[in-house]
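Please read the structure below before turning to the comments.
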Amino acid sequence: MSQPEPVSDYPETVRKGYDFAAIEAKWQQFWLEHKTFASRIEAGKPKAYVLDMFPYPSGAGLHVGHPEGYTATDIYCRFLRMRGHNVLHPMGWDAFGLPAEQYAIKTGTHPATTTRTNIDTFRRQIRALGFSYDWDREVDTTDPAYYKWTQWIFLKLFEKGLAYQAEVPVNWCPALGTVLANEEIINGKSERGGHPVVRMPLRQWMLRITAYAQRLLSDIDDVDWPEGIKAQQRNWIGRSEGAEVDFAICDELGTLRVYTTRPDTLFGATYMVIAPEHSLVDTIVTASQQSAVAQYVETAKAKSERERQDDTKEKTGVFTGRYAINPATNAEIPIWVADYVLGGYGTGAIMAVPAHDERDFAFARKFSLPIQVVVARAGQPASSEAEQAFCGEGIAIHSGSFDGLSTRDFQEAITLWLHDRGLGTRKVNWKLRDWVFSRQRYWGEPIPIYYAVRDTTGQVLAQGEWTPTQVAAHIANGSNVIDYSVALAVGLDELPVRLPETEDFVPTGSTEPPLGKCHDWRFFCRNGLWYAREINTMPQWAGSCWYYLRYLDPTNSEQLASAEAIRHWLPVDLYVGGAEHAVLHLLYARFWHKVLYDCGVVPTSEPFARLINQGMILGEDGEKMSKSRGNVVNPDTMLATFGADAFRLYEMFMGPLEQVKPWATAGLHGTRRFLNRVAAQFDKPIDDGPAELVIARALHKSIAKVTEDTVNLRFNTAIASMMGLLNDLARLERLPREVAENFCLILAPYAPHLAEELWQRLGHPQSLAWATWPTFDPALCIEDSLELPVQVNGKLRGRLLVAATTPAEELQALALADPQVAKWIADKLVLKVIVVPGRMVSIVVK
RNA sequence: GCCGGAGUGGUGGAAUGGUAGACGCGGCGGACUCAAAAUCCGUUGAGCUUGCGCUCAUGUGGGUUCAAGUCCCACCUCCGGCACCA
């Protein structure tokens, strides 16, 4: 894939100023050759693990959004090195995934080839930005030496019973030829490509993430993450507290168990609803309703998720003909089937309380079911006719001996009451479901599991004279079967299970994964018996669940990383990436991390101590960048025109890191001009004498500001401060050496190429990457005289030019005597004078 | 509907409760130039005023305070996420 030579739209900018192209190439090469940014572990220094979310190397290359977070972490890392930290700052590639496979199917190019090319492009583009990654730690999730450990972790999960097979209704996407996770479906269509998705049962590998639900929820409190992300995770995990209650089904057909968060509304349950998927549908339905219910269930099953969602406005359902007994009122209430009750949540059945639940209310209205009010708003008379459901808390009415109880008290009381009668119990439910972990794809990690091939007598098939292809044929015609009921783990010493190097990665057209066609890979003999490998592969999330661990010790062939390296570097101190990974990647990675914690592999219960989401960069039109809108900005062009330093500076100067902000190429002129002017200062004669006081003050204030802002990742204001300092320097005839050197040092994290070049010109033979960050003199940061505002009745009426040390009494006298102020207080009575030294004087008059 | 975030000049954005608009982009005026670009200097929230200055102004309406972009209450709009989870 040859990239067109980037063409500049702004030739004037290229022509003027210093030769950034030469300087940037020079230093990028220098850093690489000297391994300047190889991570060091030096005793006595604090460690800092600063991580970027690694990219999926797509064919389109980098866009201007990628370098935003990368630039931020790079500045931070360069700063920390100069502040004496051991810094780990790696980069790698999340390279398994559907696009390479789709491209392969279209063009016949092997995904491995595409992936290699794309990685090369990404690496080249990232290096062109001058980031200080430790390139010796690069990881690639598609490298067998990497996915060996992905498989190893999978076997740990399997060993602990956290990986299991299940026949589950999954989201089958015919167009993509694969199953998708719930998280990969947006409005009933595939996240990638927007193809339709249908529900069908298939044998799948599942991960029991629900076993970790409580810990995943509780530990969110302990991490320094944006509130929004924490809220999204809590919401996704979806803990809810309530009760399960058993209702007797009439005609001695057993009991129907429901889950409710409002057991206090039991007296208002006037009907029940079971999901179409509920196992008791056939039991409950009466002969006369048989056909109607069967038809409804069929229709509901055929509906895709999307259609179900589209139907949320209009509720549908069918009466089963059967009744249940409300244990509180002993009334017979009808049981309905309706798809507004989800089969997969709670017990798949509910007690409907239309007076106090909007969904039940809508349903009851539509089908003319009775509505019984049992909760009154506190302080208001109970109204009999309900115009809408009241879902808040209140006081119990029409609830027998429980009348008058508050919602909270009632919940306690009724739960006890149910418990005493063996009718119910407290129950916690979760929205979080187990993770469908298998994909019907070629380009993913093989799942390291195999199964016995059995013959018609049930014996494991003896080796005989068969070839793998013949075994496959036997299975196809039914004379042999693969025994999926016993999953056999591949031995740890046999890892990695490599992907076969096939050219036939095209989907089979059925639900069988493409690996099913690689007979020689799939079928093998051991001890004279035939076995078949698992042919599903892992989802793209797998590799990214633990890559931050591999960076710690990327070439270790004995362990996923040495205990020593893990102990030294974990946890990740700062993790920067897009908010689109708020739930999926971050939740999955936390889950795996906790499992590894339980296995004793990692010493922390959370992987990422601090998280920052960089805000999306929009197109110049303020819309999301997209090919179809034609507003995509190509970083290669920008780099060719303005240079890496100006580009980095602009990306940070646009605004706060977390904020969404529109791109404006015009703004790059500003940072380009700034750097040109910086370079121009260094063409002036260097003055070895002390800097004049005004300049020294400006310098020290700027060092203080840049230091503070860099610590807090407020790069935009740090840059503004350096621009301010430059404006002060511009009027000087000669550049004081002290100022020149310190300016270089504070500029270095932001515009490292130019800073290195100027540093060298100042006569330093060493790179400034490990130079010491400058300190500032607080005394020089305070002005000795200042302009103090004077307010009269809250309005600004004058300004005093005074010494910073002027005492309060004197300030008061000066303020009252000031001619501008005097005219506002001349004929008034001064009630009060507030003096805040160094800040302002406020006079209250009447 | 629920959760999270944000509303400040023409524009991106600055502002420990204390001179709103730092810094940049753009605009305007000037210098340099045959001319343009680049560069440099000045200027740039709105309105009133010859001028000193004055009035208004941080989404809207209230409130607390000597003092509010900042704190409190109510609301509006926009962005992101979730959404029949009983």
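Here is the naming used below: chain letters follow the sequence lines, and residue numbers restart at 1 for every chain.
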(message) With a 3.5 Å limit on both atom pairs, tell me what B:rC40 is paired to, counting Watson-Crick and G-U wobble, or say none.
(response) B:rG30
(request) Name the nucleic acid region contacted by A:Gln791, choosing base, sugar-phosphate or nothing; use a 4.0 angstrom heavy-atom cut-off, strictly under. (result) base
(message) If I take atom CD in residue A:Glu580 and atom P in nucleotide B:rC82, what distance separates them, rounded to the nearest angstrom?
(response) 12 Å
(message) Closest approach to the side chain of A:Thr261, judged atom by atom: which nucleotide of B:rC25, B:rG81, B:rA86 is it?
(response) B:rA86
(request) For A:Val845, enumerate each residue passing the side chain to side chain contact (heavy atoms under 4.5 Å, CB included) test, keeping only those at least two apart in sequence or located in another chain. (result) A:Val792, A:Asn793, A:Ile825, A:Lys828, A:Val830, A:Ile843
(message) Which nucleotide, if any, forms a Watson-Crick or G-U wobble pair with B:rG4, using both distances under 3.5 Å?
(response) B:rC79
(message) Over all strands shown, is A:Arg234 touching base, sugar-phosphate only, or nothing at heavy-atom distances under 4.0 angstrom?
(response) nothing
(request) Report the distance from atom CG of A:Leu432 to atom P of B:rC82, rounded to the nearest whole Å. (result) 15 Å
(message) Using the ring centroid of each side chain, check whether A:Tyr271 and A:Phe367 are separated by less than 6.0 Å.
(response) no
(message) I need the CG-P distance between A:Leu786 and B:rU19, as an integer number of Å.
(response) 12 Å
(request) Select base, sugar-phosphate, or nothing to describe what A:Ala231 touches, counting heavy atoms under 4.0 Å on all strands. (result) sugar-phosphate
(request) Check every atom of B:rC66, B:rU39, B:rG4 against the side chain of A:Glu227 and return the nucleotide holding the closest atom. (result) B:rG4
(message) Taking the minimum atom-to-atom distance to the side chain of A:Lys315, which one of B:rC23, B:rU19, B:rC84 wins?
(response) B:rC84
(request) Look at atom CZ of A:Arg257 and say whether more than 12 heavy atoms of other residues, nucleotides or ligands are closer to it than 6.0 Å. (result) no
(request) May I ask you to say whether A:Arg697 pairs ionically with A:Asp728, meaning some side-chain N is under 4.0 Å from a carboxylate O? (result) no
(request) Using atom CH2 of A:Trp336 as one end and atom P of B:rA86 as the other, report the distance to the nearest whole Å. (result) 23 Å
(request) Please determine if a side-chain N or O atom of A:Tyr345 lies less than 4.0 Å away from the OP1 or OP2 oxygen of B:rA86. (result) yes
(request) Tell me which nucleotide among B:rA86, B:rG4, B:rC25 gets nearest to the side chain of A:Val341. (result) B:rA86
(request) Pick the P atom in B:rA68 and in B:rG61, then give their distance to the nearest Å. (result) 15 Å
(request) Send over the distance from A:Gln232 CD to B:rC2 C1', rounded to a whole Å. (result) 13 Å
(request) Would you check if there is a donor-acceptor pair between the side chains of A:Asp434 and A:Thr210 at a distance under 3.5 Å? (result) yes
(request) Classify every nucleotide of nucleotides 9-17 of chain B by which part a protein heavy atom approaches to under 4.0 Å, writing B for the base, S for the sugar-phosphate alone and - for neither, in 5'-to-3' order. (result) ---BSS-B-
(request) Looking at every strand, decide which applies to A:Arg677 at a 4.0 Å heavy-atom threshold: base, sugar-phosphate, or nothing. (result) sugar-phosphate
(message) Could you check whether A:Gln681 and A:Lys684, counting side-chain N and O atoms only, form a donor-acceptor pair closer than 3.5 Å?
(response) yes
(request) Among A:Ile414, A:Leu266, A:Val375, A:Val374, find the residue that satisfies the side chain to side chain contact (heavy atoms under 4.5 Å, CB included) test when tested with A:Ser399. (result) A:Val374
(message) For nucleotides 49-61 of chain B, give me one character per nucleotide, 5' to 3': B if any protein heavy atom sits under 4.0 Å from the base, S if the only such contacts are to the sugar-phosphate, - if neither.
(response) ---SSSSS-----
(request) Just compare B:rC84, B:rG81, B:rC66 and give me whichever is closest to any side-chain atom of A:Lys832. (result) B:rC66
(message) I need the CG-P distance between A:Asn235 and B:rC2, as an integer number of Å.
(response) 13 Å
(message) Within the 4.0 Å heavy-atom criterion, would you say A:Asn727 contacts the bases, only the backbone, or no part of the nucleic acid?
(response) sugar-phosphate
(message) Does this structure show an ion pair linking A:Arg234 with A:Asp221, if we count only N-O contacts that are shorter than 4.0 Å?
(response) yes
(message) With a 4.0 Å cut-off on N to O distance, would you call A:Glu241 and A:Arg426 a salt bridge?
(response) no
